[in-house]
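Read the structure below first, then the notes.
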There are 2 protein chains.
Amino acid sequence: MRKSSKRKTMRLLDTIERLRAAGLRPTRQRAALAGLLGSEHRHISAESLHREAAKAGVPVSLATVYNTLHQFTEAGLLREVAISAGRSYFDTNTGDHQHFYCEESGELVDIPGNAIVVDGIPGPPKGTAIDRVDVVVRIRRN
Amino acid sequence: MRKSSKRKTMRLLDTIERLRAAGLRPTRQRAALAGLLGSEHRHISAESLHREAAKAGVPVSLATVYNTLHQFTEAGLLREVAISAGRSYFDTNTGDHQHFYCEESGELVDIPGNAIVVDGIPGPPKGTAIDRVDVVVRIRRN
DNA sequence: TCAACAGATTAGAACAATTCTAAAATGAAT
DNA sequence: ATTCATTTTAGAATTGTTCTAATCTGTTGA
Ligand SMILES: [Mn+2]
Ligand SMILES: [Mn+2]
Ligand SMILES: [Zn+2]
Ligand SMILES: [Zn+2]
């Protein structure tokens, strides 16, 4: 067994543990998708992940991709980012951070959470509490 | 001619002027929709405006509602608010301000622009400039 | 080891929001 | 009035997402 193969196996075991810890049965599809999501921070859509899976030779249905993205989000493994109507984006970076968004390219770039400070938020409407503060800095090519 | 009728007529003339100023031909439909949007600040969707028009006895097609909302947005008479994938919201308040958003009720509440201060935004990616900073304060009923 | 079953996956239908098409209507300019 | 570019429209088409109900699979415990 070569080194890279052994590394891959260990990553798979890790992934399976992480799924179990999240209360999700470690199925072939979930493990494969979790593997594709990987360790670096990424912004993906359901369709893009579905294409990626197909390209990687993992035949998983689009319905399962949607199910899995929502389950991962509920489990705190992903975060959903509302950027523009029409398409949902999921973020593998679940920590406190914000985004640059370029309408022209559709690209999403992280802004570290410790950089931005939002001040002066009024008390929320009676009977509600603040859940999260999302900042999207819309940028344009020049 | 009664007072209220005269007021309505003047508002209509105003609306027509404003459409002309925006470079839009003041058609029956555009004037009616602009009238419905009114002067108070509101958050609407295409479908909700379409229903409102129908209820007001103004038969305007859904396609025209979409066209008009986009044209008004382009002309700076409306602003599009990205809140959640799936439905577009338009805002008759085009000034600098932000929003509370309650996922449970779908309600959108204005936060005056002079209240919130966003600090520490990093320089935008090379070759781009900041267009707008959107803040959405997500709230939950408790 | 394997039977049994709850939970997961799937193809495809259904759905909701939006956009497109191309034909008919209309505002503006003669 | 006539003309013509612009606008409106009904309905089809497209897109992203969710639903359905049949099939499959991971887990459990004999
Ligand atoms: Mn969702
Ligand atoms: Mn739009
Ligand atoms: Zn991010
Ligand atoms: Zn607003």
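Model, not experiment: these values are computed from the prediction. Heavy-atom basis, side chains included; hydrogens, waters and symmetry copies ignored. Labels below follow one simple rule: chain letters A, B, ... track the order of the sequence lines, proteins then strands, and each chain is numbered from 1.
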Mind checking the [atom1]-[atom2] spacing from [X] to [Y]? Nearest 0.5 Å is all I need.
X      : Y       : atom1 : atom2 : answer
S84(A) : L108(A) : OG    : CG    : 9.5 Å
L77(B) : L69(B)  : CG    : CG    : 11.0 Å
N67(A) : L24(A)  : CG    : CG    : 11.5 Å

Within this structure, what is the [atom1]-to-[atom2] distance between [X] and [N], rounded to whole angstrom?
X      : N       : atom1 : atom2 : result
H70(B) : dT7(D)  : NE2   : C1'   : 17 Å
L19(A) : dT25(D) : CG    : P     : 18 Å
H50(A) : dT9(C)  : NE2   : C1'   : 12 Å
L24(A) : dT9(C)  : CG    : P     : 9 Å
L69(B) : dT7(D)  : CG    : P     : 16 Å
R30(B) : dG27(C) : CZ    : P     : 11 Å
E80(A) : dT18(D) : CD    : C1'   : 13 Å
L62(A) : dT20(D) : CG    : P     : 17 Å

So does [X] get a side-chain nitrogen or oxygen closer than 4.0 Å to the phosphate oxygens (OP1/OP2) of [N]?
X      : N      : answer
R28(B) : dT8(D) : no
Q29(B) : dT9(D) : yes
T64(B) : dT7(D) : no

Classify the ring geometry of H97(B) against H43(B): parallel below 30°, tilted from 30° to 60°, perpendicular beyond 60°.
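Tilted.
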Find which nucleotide of DNA chain C each of Q71(A) and E47(B) is nearest to by heavy atoms, and output the residue with the more 5' nucleotide.
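Nearest-nucleotide comparison on DNA chain C picks Q71(A).
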For Y66(B) and for T27(A), find the nucleotide of DNA chain C with the closest heavy atom, then tell me which residue's nucleotide is more 5'.
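First, find each residue's nearest nucleotide; the 5'-ward one identifies T27(A).
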Would you say R132(A) has more than 12 foreign heavy atoms packed within less than 6.0 Å of its CZ?
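Buried by this count: over 12 neighbours within 6.0 Å.
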Side chain of [X] only, please: which of [options] is the nearest?
X      : options                   : result
N67(A) : dT18(C), dT8(D), dT9(C)   : dT9(C)
R20(A) : dT27(D), dA8(C), dC20(C)  : dT27(D)
P26(B) : dA28(C), dG12(C), dT9(C)  : dA28(C)
S61(B) : dA10(D), dA11(C), dT27(D) : dA10(D)

Under 3.5 Å, is there an N or O donor on one side and an acceptor on the other linking the side chain of R25(B) and the base of dT7(D)?
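There is none.
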